[in-house]
Number of protein chains: 4
Amino acid sequence: MSNEALHSVEETNQDNSRKAGRPRSESSKRAILEATRRLLTHTSVQKLSIEAIAKKASVGKTTIYRWWPNKTAVIVDAVFSQPAFHNILPTPNSASDGIRAQIEKLGRQLSGKNGRIVAEILGESQAEPDALRIFIETFLQDRYNSLSSLLEAGKQNGEFAVDLDTETAIDVILGPVFFRLISGQEIDDTSTHQLTQLLLKTLR
Amino acid sequence: MSNEALHSVEETNQDNSRKAGRPRSESSKRAILEATRRLLTHTSVQKLSIEAIAKKASVGKTTIYRWWPNKTAVIVDAVFSQPAFHNILPTPNSASDGIRAQIEKLGRQLSGKNGRIVAEILGESQAEPDALRIFIETFLQDRYNSLSSLLEAGKQNGEFAVDLDTETAIDVILGPVFFRLISGQEIDDTSTHQLTQLLLKTLR
Amino acid sequence: MSNEALHSVEETNQDNSRKAGRPRSESSKRAILEATRRLLTHTSVQKLSIEAIAKKASVGKTTIYRWWPNKTAVIVDAVFSQPAFHNILPTPNSASDGIRAQIEKLGRQLSGKNGRIVAEILGESQAEPDALRIFIETFLQDRYNSLSSLLEAGKQNGEFAVDLDTETAIDVILGPVFFRLISGQEIDDTSTHQLTQLLLKTLR
Amino acid sequence: MSNEALHSVEETNQDNSRKAGRPRSESSKRAILEATRRLLTHTSVQKLSIEAIAKKASVGKTTIYRWWPNKTAVIVDAVFSQPAFHNILPTPNSASDGIRAQIEKLGRQLSGKNGRIVAEILGESQAEPDALRIFIETFLQDRYNSLSSLLEAGKQNGEFAVDLDTETAIDVILGPVFFRLISGQEIDDTSTHQLTQLLLKTLR
DNA sequence: GGGTAACCGAGACGGTACGTCTAGTCTTTAA
DNA sequence: TTAAAGACTAGACGTACCGTCTCGGTTACCC
C-alpha cells in the first residue's frame with residue numbers, strides 16, 4: 001500500500017486529460033515532506049508549526065495548505081511514506097508465525113524515536129477525527145487487515161479456536177503494543193517477546 | 001485515593017500555624033475546576049484554553065498558573081476528581097472475578113463522552129512527559145496496582161499460571177480497552193464482555 | 001482627448017506592418033475595464049484586487065499585467081475612459097465664462113460616487129510616482145492646459161490682471177475643489193458657485 | 001493643542017482612582033511611535049507594516065492593536081506629535097499678517113520629506129473615513145480654526161470684505177497648498193510667496 | 001497550408017502582511 | 001501574601017493578494 005497516495009490530493013492519471021494551469025511542483029512536495037521529517041527529529045509533533053515547515057522547505061505556506069488539509073496530514077504523509085513503516089512481511093509458515101512476525105515488526109516500528117513520533121501523531125489525532133481517520137487509513141488499516149487474514153486462516157486450519165472473535169482478537173494483539181507506546185513504557189525485544197508468548201497461548 | 005490531592009499544591013493544614021497573607025481562595029479553586037468541567041462538554045481538551053477557563057471562572061490567569069503547572073494538570077484535576085472516575089470496587093470472590101470487574105468498570109468509565117475526554121487528555125499527554133506522569137499517577141496507577149494484586153493472588157491460589165508475567169499480563173488486560181478508545185472504536189458492554197471472555201481464558 | 005489611449009500600451013499604427021503572433025484580444029480588454037468599473041461601485045480602490053478583476057472578467061491575471069503596469073493604471077483607464085469624465089466644453093464668450101464653466105464642470109465630475117473614486121485614485125497615487133504621473137496625464141493635464149489658455153487669453157484681452165502668475169492662478173482655481181474633495185467636504189452647486197464668485201474677483 | 005492626545009485612548013486622570021490591572025506601558029508607547037518615525041524615513045506610509053513596527057519596537061503586535069485602531073492612526077500619532085508640526089504662531093499685527101504667517105508656516109511644514117509623508121497619510125485616508133477623521137482632528141482642524149478666527153477678525157476691522165464667505169475663503173487659502181502637495185508640485189518659498197500675494201488681494 | 005510567434009485561460013508558485021488568538025509573565029490595586 | 005484585572009512580548013494561525021511562472025491551447029501572420 002502506498003501511504004503517500006492516500007490523502008494528499010492525487011490525480012488519478014487514468015484519464016490522460018491534463019488539466020489547465022501550472023502543474024503541481026513535485027520538487028516542492030518533496031521539499032515539504034523532507035523538511036517535515038527533518039524537523040521532527042528535533043521537535044515534537046505538537047510544537048512543529050506549518051510556518052517552520054514552509055520556511056525550512058523554502059515554500060509558501062499556501063502551497064502546504066493547498067495540498068494538505070492540516071498539519072497532521074502533512075506529518076502522517078511525511079512519516080509513513082518512509083520505507084521503515086511499510087508493512088511488507090514474508091509469507092509465513094503458519095498463522096501463528098505470521099502473527100508473531102507481525103507483532104515483532106510492529107514492536108520494532110514503534111520503538112525508539114519513531115515510536116515517539118507515532119505516539120504524538122496518535123495523540124494529536126485524538127481531538128481531530130479527520131486526522132484520526134487519516135492515521136488509521138495510512139497506518140493501522142494495513143496491520144488490521146493482515147491480522148484479520150491470518151486469524152481467519154488459523155481458525156480454518158485448526159491453529160486457533162474456531163469460536164475466536166476476530167475483532168476482539170485483533171484488539172488483544174494490537175492493544176498491548178499501543179498501550180505500552182502511549183503509556184510511556186519501553187517497547188523492546190524482551191517485552192515484545194513476552195507478549196507474543198502470552199498471546200499465542202491465548203488464541204489457541 | 002484522592003485524585004485531587006496529587007498534583008495541585010495542597011497545604012497540609014496539619015500544622016495549625018496559619019501563614020501570613022491572604023489565604024488561598026477555595027471558592028476560586030472550585031470555580032476553576034467547575035468551569036473546566038463545563039467547558040469540556042462543549043470543547044475538546046486541545047481547544048480548551050487557560051484564558052477561557054479564567055474568564056468563565058472569573059479568575060485571573062495567574063491564579064491558575066499559581067496552582068497548576070499547565071493546562072493538562074487542571075483538566076486532569078477537574079475530570080478525575082469526579083466520583084464516576086473513582087476506582088472503588090467490592091472485594092471479589094476470586095481473582096478472575098476481580099479482574100472481570102476491573103475491566104468492566106474501566107469499560108464503563110471510558111465509554112461515551114467521558115471516554116472521549118480521557119482519550120483527549122491521553123493524546124495531549126503524548127507530547128508532554130509531565131502531563132503523562134500526572135495522568136498515570138492520577139488515573140492509571142490505581143488500576144495497575146489493583147490488577148497487579150489480583151494477578152499475584154490468582155497465581156498463588158492456582159487460578160492463574162504460576163509462570164505468568166504480571167507486567168505483560170497487565171498490558172494485555174488494559175491494552176485492548178485503551179486501544180479501542182484511541183482508535184475510535186466503540187467501547188460498550190458487548191466488546192467489554194467479549195474481551196473478558198478471551199482474557200480470562202488466556203491467564204489460566 | 002482619448003483618455004484610454006494614454007497609458008495602456010498602444011501600438012502607434014503609423015506603420016502598417018502588423019506584427020506576427022496572435023493580436024491582443026479586444027474583448028478581454030473590454031471585459032477587464034468593465035469588470036473594474038463594476039467592482040468599483042461596491043469596493044474602494046484600495047480594496048479592489050487584480051485577482052478580483054481577473055476573476056470577474058474571466059481573464060488570466062497575466063493578461064492584465066501584460067497590458068497595464070499596475071492596479072492604478074487599470075483603474076485610471078477604466079474610470080477616465082467614461083464619457084462623464086471627458087473634458088469637452090463649448091467655446092466660451094469670455095475668459096471668465098470659460099473658467100466658470102471649467103470649475104462647474106469639474107465640480108460636477110468630482111461630486112458624489114465618482115468624486116469618491118477619483119479621491120481614492122489620487123490617494124493611491126501619493127505613494128506611487130508612476131501612478132501619479134498617469135493620473136496627471138490622463139485627467140489633470142487637460143484641465144490644466146485649458147485653464148492656462150483661458151488665463152493667457154484673459155490677460156491679453158484685459159479681463160485679468162496682466163501681472164497674474166498663471167501657474168499660481170491655476171493652483172488657486174483647482175486647489176479649492178480638490179481640497180474639498182480630499183478633505184471630505186461636500187462638492188455641490190452651492191459650494192462651487194461661491195468658489196467661482198470669489199475666484200473671479202481675485203483674478204481681476 | 002496636543003496632537004498625541006486626540007485618538008490614542010487616553011485616561012482622563014481627572015479622577016484619581018486608578019483602575020486595577022497593569023497600567024499601560026509608557027515605554028512601549030514611546031518605542032512604537034519612535035520606531036514608526038524611523039521606519040518612515042526609509043519606507044512609504046503604504047509599505048510600512050504593523051509587523052515591521054512591532055519588530056523594530058520590540059513590542060507585540062497586540063499592543064499596537066490594543067491602543068490604535070489601524071496603521072494610519074499610529075502614523076498620524078507618530079508624525080503629528082513632533083514639534084515641527086505644532087501650530088504655534090506669534091500674535092499677528094493684523095489679520096492679513098496672520099493669514100500670511102499661517103500659509104507660510106503650512107508651506108514649510110508641507111515641504112520636503114515631511115510633506116511627502118503628510119501626502120501619503122492623506123492619500124491613505126482617502127479610502128478610510130476613520131483615518132481621515134483622525135487626520136482632520138489632529139492636523140487640519142487647528143489650521144482651520146485659526147484661519148476662521150483671523151478671517152472673522154479681518155472682516156470686523158475692515159481688512160476684508162464683509163460679505164466674504166469664511167468657509168469658501170478657507171478652501172481658497174488651504175486648497176492651493178494641498179493641491180500642490182498632492183499633485184506632486186514643489187512647495188517652496190517662491191510658490192508660497194506668490195500664493196499669499198494673490199490671495200491677500202482676493203480677500204479684500 | 002504549415003510554421004512560427006504572440007496571445008489567451010488557468011492556476012500553482014514563493015512570499016508578505018494581515019488581524020486574531022493564546023501562551024506564559026509581569027505589574028498594578030484591593031482584600 | 002494572595003487575588004483580580006489586565007497589559008506585556010512572542011509567535012503561530014489560516015487567509016488574501018502580490019507579481020511571476022508554466023502549462024495546454026488559440027489565432028493570426030508569413031513564407
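Protein chains get the first letters and strands the later ones, always in sequence-line order, with residue 1 at the start of each.
Residue B:S58 is the one, among B:S58 and C:N70, whose nearest nucleotide of DNA chain F lies closer to the 5' end (criterion: closest heavy atom). Residue whose closest nucleotide on DNA chain F sits further toward the 5' end, between D:G21 and D:V59: D:G21. Both A:E51 and C:T63 lie near DNA chain E, and the one whose nearest nucleotide falls closer to the 5' end is C:T63.
Distance from the side chain of C:Y65 is smallest for F:dC18 among the nucleotides F:dA12, E:dC7, F:dC18. Which of E:dC8, E:dG14, E:dC18 sits closest to the side chain of A:S28 comes down to E:dG14.
Here the C1' atom of nucleotide F:dA4 and the CH2 atom of B:W67 are 15 Å apart, to the nearest Å. Computed from coordinates, the C:R22 CZ to F:dG25 C1' distance equals 8 Å when rounded to whole Å. Between the NZ atom of D:K55 and the P atom of F:dC8 there is a distance of 21 Å, rounded to whole Å. Here the C1' atom of nucleotide F:dG19 and the CD atom of C:E128 are 14 Å apart, to the nearest Å. Taking atom CZ of C:R66 as the reference point, atom C1' of E:dG9 lies 11 Å away to the nearest angstrom. Atom CD1 in C:I50 sits about 11 Å away from atom P in F:dT20, given to the nearest Å. The separation between C:I64 atom CD1 and E:dC8 atom P is 11 Å, rounded to whole Å. For the pair A:R24 CZ and F:dG24 P, the interatomic distance rounds to 18 Å; values are reported in whole Å.
Residues B:P69 and B:D130 are not in side-chain contact: their nearest non-hydrogen atoms beyond the backbone lie 4.5 Å or more apart. Under the 4.5 Å side-chain criterion, counting only non-hydrogen atoms from C-beta, B:E124 is in contact with B:K71. Taking the side chain as every heavy atom from C-beta outward, A:K56 and A:E34 never approach each other to under 4.5 Å.
The side-chain tip of C:R24 points at the ring of C:W68 from less than 6.0 angstrom away and within 45° of straight on.
With salt bridges taken as basic N to acidic carboxylate O contacts below 4.0 Å, one links B:R133 and B:E137.
When heavy atoms are screened at a 4.0 angstrom cut-off, C:S25 is found touching the sugar-phosphate backbone but no base atom.
A donor-acceptor contact under 3.5 Å is not formed by the side chain of D:K61 with the base of F:dG11. Between the side chain of A:T62 and the base of E:dC13, no donor-acceptor pair of N or O atoms lies under 3.5 Å.
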